[in-house]
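All heavy atoms count here, side chains included; hydrogens, waters and symmetry mates do not. All chains are named by letter (A, B, ...) in the order of the sequence lines, taking the proteins before the strands, and each is independently numbered beginning at 1.
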Amino acid sequence: MMMKKQNNWILSGARVIDPVNNIDEVRKVYIKDGIIVDEAAMQGVDAEELDLTGKVVAPGFIDVHVHLRQPGKVDAETVRTGTQAAAAGGFTTVVAMPNTSPVTDNAAQVQYIRELAERDGIVHVLPCGALSKGLAGEEMAPIGSLASVGVAALSDDGKCVQNHELMRHIVEYASNFDLPIMDHCENTALAAGGVMHEGYWSVLLGMKGQPSAAEELMISRNIMLARMTGCRIHMQHVSARESVALLRYARANGIPVTGEATPHHIALTDVEIKRFDTNYKMNPPLRSEDDRMAVIEGLQDGTLTIIATDHAPHTQTAKQVEFDYAPFGIIGLETAVPVTMTELVHKGYLTLPQLISKFTKGPAELLKRPIGSLSLGSAADVTVIDPDVEHTIDISTFYSKSRNTPFDGYQAKGRTAATFVDGVCVYSRLDEDR
Amino acid sequence: MRHSAAGAPNFLSRELADCSIVNAGDGAHSHPTQALLDLFTMREKKGRIEGLNVAIIGDILHSRVARSNIWGLLKLGANVTISGPATLVPKEFEKIGVRVCRNLKDAVKDADVINLLRIQHERQRTEYFPGTGEYAKFYGINPDSMKYISPETLIMHPGPINRGVELDSAIADGPQSVILEQVTNGLAVRMAVLFLVAGALK
């Protein structure tokens with residue numbers, strides 16, 4: 001991994017795509033002291049000019065759904081390895097989910113994660129606080145205190161508050177601090193014991209399924225709460241056709257809800273489970289082809305504004321077990337760009353600017369932060385994409401500490417070529433591509 | 001290898017090269033030797049599999065015996081009907097060519113073979129039906145049900161039987177039952193499987 005401390009750059013020759021500023025043209029991008037500037041500001045500055053002809057320059061990608069596993073499961077991932085994986089994947093900002101051990105449900109824990117991020121992180125790490133104490137879904141977390149130490153959002157990800165009244169009060173209380181609420185939508189009674197999607201394949205394979213209704217019920221609940229309270233709610237990893245339809249209805253009616261899709265729900269379906277490979281086990285589960293297409297349609301028509309990885313590292317020891325006993329989750333930071341470029345752009349479902357919007361504008365709007373654009377004066381977080389390179393995904397090249405992905409050997413078209421954070425090049429394969 | 005988790009033999013066979021693994025039942029997924037012995041028994045008694053009407057009754061959802069029987073029977077050309085409480089009889093099986101019947105009488109009246117599955121109500125945390133009494137009343141095979149079941153129909157059960165629940169003793173021990181022959185055939189069929197995978201023909 002190339003680490004150049006230099007932070008003055010002239011990026012030349014690339015197609016620059018910045019959805020926030022409606023830019024899509026070949027132009028130069030100027031970076032001075034880690035900030036995006038105009039040409040005039042570069043007069044007399046000692047900067048390195050990179051010829052990026054044939055590449056795409058975009059605002060740094062944002063992943064609002066990442067598990068860095070530190071503290072608690074540092075055998076699976078750490079802030080260092082997780083942010084290295086983020087950099088290699090083209091992500092300059094990651095939102096770290098709170099289901100660490102201990103849980104990020106108090107100010108001290110948030111401070112600790114911020115210290116870790118400061119010390120070990122090579123991309124921006126935004127801590128996400130819990131909605132409920134201990135993710136138990138019983139008592140409200142100290143949301144004001146969490147806000148005062150700078151959490152970017154709140155989520156009980158991996159769990160879902162089942163008590164609707166408590167959820168209502170969380171959503172309302174959090175609105176005082178203008179924090180986005182991100183919900184893992186799952187009715188636990190309906191999903192209990194389910195290890196895959198309930199449908200044709202679960203019935204044939206004799207495995208307990210999670211019906212789509214388990215997700216749809218909580219999406220409906222959240223839409224009703226958002227309408228009733230006027231407060232924003234974001235739906236994590238939307239996976240089922242009716243979930244997309246419900247969100248479409250809600251957004252058309254002005255209800256303040258958003259949704260994200262994961263690369264694996266875009267690329268894969270439950271037919272893969274027939275090999276009992278635990279790298280296909282995640283929650284929500286891979287669903288049917290019809291559901292997969294609905295997620296893609298949701299991305300196309302703007303119902304889903306965000307692509308997020310749900311990067312969930314697990315050790316080989318944890319995953320190399322019977323399907324029933326394996327933990328849920330796969331890593332995604334280093335495969336998101338190749339997989340979504342291949343599945344969405346090169347298959348003609350989204351244009352490149354539309355895809356880049358799902359990684360930049362959509363997440364920035366959810367987080368209400370001045371990131372995800374190449375606006376003059378903003379931090380020079382930049383992702384360089386090589387849009388047409390054909391390659392085979394090889395897990396042995398990953399920076400993540402874990403290898404739990406179903407995409408090893410996947411034939412991809414397009415990948416990240418370089419990543420800049422605050423003007424510092426934190427990842428580059430530009431030299432080897434020459 | 002018998003295992004509580006579906007796919008455990010598949011997992012192990014990927015990990016162990018040059019080693020035959022015989023699946024002796026994995027979770028609710030598959031029980032191939034039980035299906036082989038059931039098919040052998042049907043063919044022994046009826047002379048064929050193709051064209052036979054086979055009804056499988058009971059907890060299909062959690063049954064590896066049902067799944068393996070369905071694959072084997074469909075492959076050999078039998079007509080398969082499944083029935084039982086709707087909570088335990090998924091309609092998805094229609095997609096592979098199985099008839100899903102909500103009425104027990106319709107399911108069994110033209111059957112050449114009725115294969116009954118063990119109900120494990122006591123082991124299930126979830127309520128799929130109100131109780132064994134109600135199960136016996138609506139889905140159990142008893143002397144009353146024999147009024148609409150042909151005297152030529154074979155009664156099968158993979159054992160152990162919940163007597164008086166899915167099957168009344170009078171039928172289990174009656175002239176149409178081939179349950180003990182299934183046990184006998186099971187020994188021979190499993191010996192044959194081990195003989196073949198041990199490389200005896202190589």
Side-chain angles (χ1 to χ4, degrees), chain A residues 187-214 240 269-282 285-291 314-328 403-404 406 408-409, chain B residues 1-16 21 23 25-32 34-35 56 59-72 74-75 80 82 84 86-98 100 117 120 123-128:
Chain A
N187 179 281
T188 52
L190 266 181
V195 298
M196 63 180 293
H197 171 58
E198 180 178 315
Y200 177 77
W201 281 104
S202 71
V203 164
L204 253 57
L205 295 172
M207 289 201 281
K208 182 98 165 74
Q210 295 189 10
S212 295
T269 66
D270 60 348
V271 62
E272 308 290 348
I273 312 294
K274 66 183 178 186
R275 280 172 288 167
F276 300 100
D277 181 342
T278 58
N279 284 328
Y280 293 94
K281 181 174 177 181
M282 65 286 284
L286 297 176
R287 299 200 189 271
S288 70
E289 177 63 15
D290 185 52
D291 294 303
H314 291 291
T315 62
Q316 192 187 21
T317 313
K319 275 288 199 180
Q320 198 175 31
V321 293
E322 298 85 340
F323 200 89
D324 278 354
Y325 308 146
F328 291 106
R403 295 288 183 268
N404 53 308
D408 189 31
Chain B
M1 173 182 181
R2 177 164 289 191
H3 198 290
S4 59
N10 308 57
F11 167 74
L12 200 60
S13 67
R14 269 203 311 273
E15 302 290 320
L16 300 175
I21 296 186
N23 185 353
D26 60 328
H29 172 231
S30 174
H31 196 352
Q34 178 71 42
I56 307 173
D59 182 357
I60 311 291
L61 183 64
H62 299 103
S63 175
R64 56 193 178 209
V65 175
R67 283 181 180 78
S68 283
N69 262 271
I70 287 168
W71 287 126
L74 292 177
K75 193 145 198 150
V80 181
I82 57 177
T87 43
L88 296 171
V89 182
K91 280 190 77 73
E92 276 79 1
F93 276 110
E94 287 177 344
K95 292 178 187 156
I96 56 166
V98 172
V100 176
L117 301 175
Q120 305 199 8
R123 277 174 51 186
Q124 287 163 357
R125 283 177 301 147
T126 312
E127 285 273 307
Y128 290 95

Q: Work out which heavy atom in A/Gly206 is nearest to a heavy atom in B/Ala6; give both atom names and the distance.
A: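 Heavy atoms of A/Gly206 and B/Ala6 come nearest at O-CB, 4.3 Å.
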Q: Given a strict heavy-atom distance threshold of 4.5 Å, which part of B/Arg64 is in contact with chain A: side chain, backbone, both, or neither?
A: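 For B/Arg64, neither part sits under 4.5 Å from chain A.
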Q: How are the rings of B/His29 and A/Phe276 set to each other: parallel, tilted or perpendicular (split at 30° and 60°)?
A: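 Rings of B/His29 and A/Phe276: perpendicular, as their planes differ by over 60°.
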Q: Please report the closest heavy-atom contact between B/Arg14 and A/Arg275, naming both atoms and the distance.
A: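 The answer is NH1-O, 2.7 Å.
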Q: Under 4.5 Å heavy-atom distance to chain B, tell me which part of A/Ile273 shows up: side chain, backbone, both or neither.
A: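 For A/Ile273, neither part sits under 4.5 Å from chain B.
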Q: Say you draw a straight line from CG of B/Asn10 to CG of A/Asp277; how long is it, rounded to the nearest 0.5 Å?
A: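 Atom-to-atom, B/Asn10:CG and A/Asp277:CG are 11.5 Å apart.
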Q: Counting only heavy atoms closer than 4.5 Å, note whether A/Val195 contacts chain B via side chain, backbone, both or neither.
A: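 It is neither, since no heavy atom gets under 4.5 Å.
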Q: If you count every heavy atom of other residues, nucleotides or ligands that lies below 6.0 Å from A/Gln316 atom CD, does the total exceed 12?
A: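 Count not over threshold, so no.
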Q: Mind checking whether A/Trp201 and B/Glu92 have side chains closer than 4.5 Å, heavy atoms only?
A: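 Of all side-chain heavy-atom pairs linking B/Glu92 with A/Trp201, none is under 4.5 Å.
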